[in-house]
Amino acid sequence: MNELVQRLSQGDHPVEASLKPEKTVTAFKESIDRGYVHIKFTNTKGGTDLGVRLDQEASNLNEADFDHQAGKVHLVGNLTLNYEKVRCIADIDLETLEGKGHLESVEE
């Protein structure tokens with residue numbers, strides 16, 4: 001297993017919603033609605049920015065109040081990192097657009 005994938009698969013790590021040009025809840029909600037978000041693992045060298053195709057059934061937006069920028073979202077999605085298929089799982093607070101996340105290896 002790749003060293004970065006292995007490290008991010010062990011325990012939870014600080015993450016943030018990676019949004020450009022501006023980091024807003026509105027932009028985050030638009031990304032979620034499109035089914036594709038960028039999650040940045042901030043405790044790696046320079047940060048690791050991952051594009052995640054959301055699994056709508058596994059993700060949970062029930063605790064999110066986008067209008068008041070409150071609550072949390074539980075996002076789950078698949079991607080390939082360094083030639084390895086992984087699942088990204090992140091819980092992000094809408095007030096700060098930060099939270100915790102980790103990767104899981106996906107068997108083919």
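- Taking the side chain as every heavy atom from C-beta outward, M1 and S105 approach each other to under 4.5 Å.
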Please table the atom pairs, donor to acceptor, closer than 3.5 Å between any side-chain atom in residues 3-11 and protein atoms at least two apart or in another chain.
from	atom 1	to	atom 2	distance (Å)
E3	OE2	R7	NE	3.2
S9	OG	V5	O	2.7
S9	OG	L103	O	3.4

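- With hydrogens and angles left out, the side-chain atoms of D49 and H38 include no donor and acceptor closer than 3.5 Å.
- With T24 contributing its side chain and A27 its backbone, the two residues share a donor-acceptor pair below 3.5 Å.
- At least one donor-acceptor pair closer than 3.5 Å links the side chain of E84 to the backbone N or O of N2.
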Open item on the list: Assess the residue pair H74 and I89 against the criterion (side-chain contact (heavy atoms from CB on, under 4.5 Å)); give the C-alpha distance rounded to whole Å, side-chain angles, the decisive distance to 0.1 Å, and a yes or no.
Closed with: CA-CA 7 Å; H74 177 76; I89 300 167; 3.5 Å; yes
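- Looking at residues two or more places apart in sequence or on another chain, you find no salt bridge (charged side-chain N to carboxylate O under 4.0 Å, His left out) involving K100.
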Identify each donor-acceptor pair in which a side-chain atom of residues 50-63 lies under 3.5 Å from a protein atom, sequence neighbours left out, and give them as a table.
from	atom 1	to	atom 2	distance (Å)
D55	OD1	E57	N	3.1
D55	OD1	A58	N	3.2
D55	OD2	R87	NH2	3.4
S59	OG	D55	O	3.0
S59	OG	V76	N	3.0
S59	OG	V76	O	3.3
N60	OD1	N62	N	2.7
N60	OD1	N62	ND2	3.4

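- At least one side-chain heavy atom of F66 sits less than 4.5 Å from a side-chain heavy atom of I32.
- Annotation: side chain of L79 is in contact with side chain of C88 (closest heavy-atom distance under 4.5 Å).
- The pair E16-K23 meets the salt-bridge criterion, since a charged nitrogen lies less than 4.0 angstrom from a carboxylate oxygen.
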- [ ] Could you check D91 against V73 for side-chain contact (heavy atoms from CB on, under 4.5 Å), going step by step and ending with a plain yes or no?
- [x] CA-CA 6 Å; D91 293 303; V73 293; over 6 Å; no
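- The shortest distance between side-chain heavy atoms of F28 and L19 falls below 4.5 Å.
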